[in-house]
Amino acid sequence: MSASSLAEGAGCNTPCDMPVWFNPARELDALLRKVAPTVPGFDAEFNPELRPSDPRHADFQANGVLAVAKKAKGNPRALATALVDAVKATGELDQKLFQVEVAGPGFINFKLTPVALGAWLREYRDESKWRAGAARMMGGRKVVIDYPSPNTAKQMHVGHLRPIVIGEAVARLIEFCGAKLTRDNHIGDWGTNFGILILAIRRAGFKLDAQSPTALDDLERLYKEGSVLTKADPAAMDAARAELAKLQSGDAENLALWEEIVKVSNIACQRIYDQFGLKTDVILGESFYRDKVDQVYSELQKVGLAEESEGALVVWHDDEPRFSRHAEAKMPFIVRKKDGSSNYASTDLATLLYRAEYFKADEIVYVTDGRQQDHFHQLFRTGAKWFTATKRTLPRLRHVWFGTILGEDGKAIKTKSGDPVRLQSLIDEATERAFAAVTAKSPELSETERKAIAKAVGIAALRYVDLASNRTMDYSFSWDKLLAFEGNTAPYLMYAVVRVRSIFRKNGIEVGKGEEGATDPETPTEIALARKLLGFTAALDLALEDLRPHHLCTYLHELAAAYGAFYAADTVNVDDPAVRARRLMLCARTCAILETGLRLLAIEPVERM
RNA sequence: GAGGGGGUAGCUCAGUUGGAUUAGAGCAGCAGCCUUCUAAGCUGCGGGUCGCGGGUUCGAGUCCCGCCCUCCUCACCA
C-alpha cells in the first residue's frame with residue numbers, strides 16, 4: 001500500500017509520506033547514526049547497537065548509548081533522552097508507527113504500534129516484495145558457492161547428506177538476499193581415491209561396464225577392497241598413488257577406466273540429486289583443472305611462495321605458527337606431491353583463480369565438513385598472498401563448515417556391519433515412515449496422495465533435522481527425532497501451512513484474497529502473530545550473517561507456534577467483515593512467509609497432510 | 001603438544017556478539033481442551049549452582065586468566 005493510503009487509513013494528523021520500512025531495525029539504526037552526531041556527547045562513530053528486543057519490552061532496542069555513557073562517564077539515561085528528543089525533532093520517525101521510550105539503565109526502546117503492523121502487512125504481502133526488500137543485503141554481488149562436491153567413486157552415504165542439505169539452504173538464502181549466484185559442484189574426481197579404485201580393479205582383473213546394472217555395487221565393493229588393502233600395506237598405497245600419477249599424466253588405459261568410473265558414479269549421484277531437487281549450475285570437478293595446475297605451480301614459485309620440501313612443492317606460512325616451517329608438527333600446504341601429481345590443494349588453488357577470473361566472483365562460499373578447516377585456512381592464506389603478489393583482487397572467501405552426523409553411540413554413524421549408511425536407504429526409510437504416519441492420521445486421503453505427501457514429508461523431515469541445529473555442532477542421528485512431528489520439526493511447520501490453506505479452501509478463495517477492508521491487528525494473539533511476521537526480516541539478517549540456516553528454522557518454528565495460538569484463540573470465519581478480512585490477511589501472510597521460508601530451506605510445502 | 005568444535009532442564013537444543021529482579025524452546029512427565037476454519041493442534045504446571053575456580057563492571061551463559069571432561073584435525077586423503 002502507498003504511504004498516502006496509510007495516512008488515510010490510520011488517520012494521521014501530519015502527512016505520512018514515508019515509505020513502510022521492510023526492515024525497521026536497519027532503518028532505525030541508520031536514523032540513529034544520522035542524528036547522533038548532532039547531539040552533545042555523541043560523535044560520528046556512534047554505534048546504536050540496534051537489535052530485536054524481548055517482546056515483553058519492545059520490538060527493537062538500541063543499547064549503544066550505554067557504551068557512550070561509560071566512555072564519557074555521562075549519565076546514560078540523560079544521553080538517551082537527548083538522543084530520543086533529537087530523533088523525534090527530525091520528524092523522520094512517525095510516532096503513529098513507533099512508540100519510543102528510554103528504559104532501564106539507558107536502553108532506547110522502539111515498539112511497533114498496531115498501525116505499523118497493519119501497514120507492514122499490507123505493504124509486504126508476497127515473496128516478490130520480500131525478495132525486493134532483502135535484495136539490498138547482497139546487492140547483486142557475484143557469488144560462487146561450492147557444494148555438494150562429493151568424492152565420486154563410491155556410493156553416496158549419510159556423509160553426503162549435510163553438504164547437499166546445508167549447501168542448498170545457504171545457496172537459496174544468498175540468492176534470496178540479492179546475490180548473483182553460481183552453484184558449482186566441484187566433484188572430487190581426480191584424487192587418490194581413483195588411484196585406489198584403479199588399483200583394486202586391476203588386481204581383481206575386473207572388467208568394468210558402466211551399462212551393467214550392478215556397476216555401482218561392483219565399484220562399491222572394489223573400492224572397499226582397495227581401501228582395506230592400501231590401509232594395511234604402504235606398498236599398495238604407493239601403487240595406488242602410482243596409478244593416479246599415470247592417470248594424471250595421460251595414460252590412455254587409466255584414462256579410459258577413469259571415464260567409466262566417473263560415468264557410473266555420476267549416474268548414481270544424479271539419482272540422489274533428483275530426489276533432493278538439487279540442480280547446480282555447473283559441474284567443474286577437480287579433473288576440469290588438470291591443465292590449469294601448472295600455472296599455479298609456476299606462479300607460486302615465481303613469486304617465492306612455494307618451495308621444494310622432501311620432494312614435494314609446498315607453501316609455508318611463517319606468519320602463522322602452526323603452518324610455519326619451524327612448527328614442531330610440520331603442516332605445510334602441499335601443492336604438488338613428490339611424484340608430481342596434483343592434490344586437493346593444487347586443484348583448489350587453480351579453482352580459486354578460475355572462479356575469480358572466469359566467474360568474476362566477488363565472493364566464494366565453500367560448504368564442507370569441519371575437518372577441512374585447516375585446509376581452508378591454508379588455502380585462503382595462500383590465495384591472499386598469491387593474489388597480492390600478482391596484483392589480483394581476492395574474492396571474499398568463506399568456509400561454511402558443518403559437524404558430523406553421529407550414530408546413537410556418539411561415533412560416526414555406521415550400519416551394524418560397519419559400512420556407512422547409504423543415503424538412499426535413509427531416504428527410503430524416512431519416506432516409508434512418513435507414509436505410515438500419513439496413513440494413520442489421514443486415512444481418508446487416496447493412496448496416491450498419501451504417497452506424494454509421504455515423499456514430501458519424509459525428505460523434508462530428513463532435511464530439517466539437519467538444518468535445525470547450528471551447523472557447527474555434531475548431532476546424533478535418531479529415527480525418533482526424524483519421525484517426530486511435534487516441536488521444531490518439518491511436519492509441524494508443514495502442518496501449520498496445511499491448516500492455513502484449509503481455511504481458504506473451505507471459504508472457496510485463494511490465499512491472499514478477501515483482505516479488502518482489513519483493519520489493524522487488535523487481539524493479543526493477532527498482535528503477537530503480526531509482530532512475529534515482521535520478525536522475518538531479522539531472521540534473514542541473522543541467518544545470512546554467518547550463513548547459518550538454523551536461525552531461519554528457529555524463526556519459522558516460532559512463527560508457526562504464534563499462528564497456532566492465534567488459530568486457537570481467534571476464529572477467522574466470523575460475521576464482522578473487517579475482523580474477518582484482517583484475520584484472512586494474517587493467515588495469508590503466515591502462509592506465504594512459512595512457504596517462502598520452507599522453500600529457502602528447500603522444503604516443498606503440501607496442500608494437505 | 002598445536003589448532004578447532006562442544007559442555008545450558010531427565011533428553012535434544014536456542015540464546016542476535018556484554019543487557020532488562022524471572023536464562024528460553026521442543027521432547028519426555030503431569031493436568032485440561034475436538035457437535036464450529038485439519039487435534040500432525042492449543043492451554044496450563046513442574047523441572048537450572050549455564051563444566052569448575054578466579055577476574056573485569058552499573059550488568060557475565062556471553063569477555064579475560066587458570067583448570068576439568070569430550071569430539072575432530074595435524075606431510076603428500078579429499
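Throughout, protein chains are lettered first and strands after them, A, B, ... in sequence-line order, and every chain is numbered starting at 1.
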>> Under 4.0 Å, heavy atoms only, any strand: does A:Gly191 hit a base, just the sugar-phosphate, or nothing?
In response: sugar-phosphate

>> I'd like the C1' distance from B:C11 over to B:U17, given in whole Å.
In response: 28 Å

> Base, sugar-phosphate alone, or nothing: which one does A:Glu328 contact when heavy atoms must sit under 4.0 Å apart?
Replying inline: nothing

>> I want to check one thing: is the phosphate of B:A39, taken as OP1 and OP2, less than 4.0 Å away from some side-chain N or O of A:Arg499?
In response: yes

>> Within the 4.0 Å heavy-atom criterion, would you say A:Asn507 contacts the bases, only the backbone, or no part of the nucleic acid?
In response: nothing

>> Over all strands shown, is A:Gly564 touching base, sugar-phosphate only, or nothing at heavy-atom distances under 4.0 angstrom?
In response: sugar-phosphate

> How is A:Val438 classified with respect to the nucleic acid when contacts are heavy atoms under 4.0 Å: base, sugar-phosphate, or nothing?
Replying inline: base

> Is a salt bridge present between A:Arg583 and A:Asp570, judged by a nitrogen-to-oxygen distance below 4.0 Å?
Replying inline: yes

>> Please tell me whether A:Phe376 and A:Tyr366 form a close aromatic pair, meaning their ring centres lie under 6.0 Å apart.
In response: yes

Filtered N/O pairs between nucleotides 16-22 of chain B and protein, under 3.5 Å:
unit_1 : atom_1 : unit_2   : atom_2 : d
B:U17  : OP1    : A:Arg51  : NH1    : 3.1
B:U17  : OP2    : A:Arg51  : NE     : 2.4
B:U17  : OP2    : A:Arg51  : NH1    : 2.8
B:U17  : OP2    : A:Arg51  : NH2    : 3.0
B:U17  : O5'    : A:Arg51  : NH1    : 3.0
B:U17  : O5'    : A:Arg51  : NH2    : 2.8
B:U17  : O4     : A:Asp546 : OD2    : 3.4
B:G19  : OP2    : A:Arg51  : NH1    : 3.2
B:A20  : O2'    : A:His57  : NE2    : 3.2
B:A20  : N7     : A:Gln61  : OE1    : 3.3
B:A20  : N6     : A:Gln61  : OE1    : 3.1
B:A20  : N6     : A:Asn109 : OD1    : 2.6
B:A20  : N6     : A:Asn109 : ND2    : 3.4
B:A20  : N1     : A:Asn109 : ND2    : 3.2

>> Please pick, from B:A75, B:A40, B:G26, the nucleotide with the shortest atom-to-atom distance to any side-chain atom of A:His557.
In response: B:G26

> Touch check for A:Ser149, heavy atoms < 4.0 angstrom, all strands: base, sugar-phosphate only, or nothing?
Replying inline: nothing

> How far does the P atom of B:A28 sit from the matching atom of B:G41, given to the nearest Å?
Replying inline: 10 Å

> Can we call the ring centroids of A:Phe566 and A:Tyr563 under 6.0 Å apart?
Replying inline: yes

> With a non-hydrogen cut-off below 4.0 angstrom, is A:Glu558 in contact with a base, only sugar-phosphate, or nothing?
Replying inline: nothing

> So what does A:Asp238 hit on the nucleic acid, given a heavy-atom distance under 4.0 Å: a base, only sugar-phosphate, or nothing?
Replying inline: nothing

>> Regarding A:Met609, tell me which of base, sugar-phosphate or nothing describes its non-hydrogen contacts under 4.0 Å with the strands shown.
In response: base

>> Between B:G51 and B:A60, how far apart are the two P atoms, rounded to whole Å?
In response: 15 Å

> Of the nucleotides B:A75, B:A14, B:G41, which one has an atom closest to the side chain of A:His550?
Replying inline: B:A14

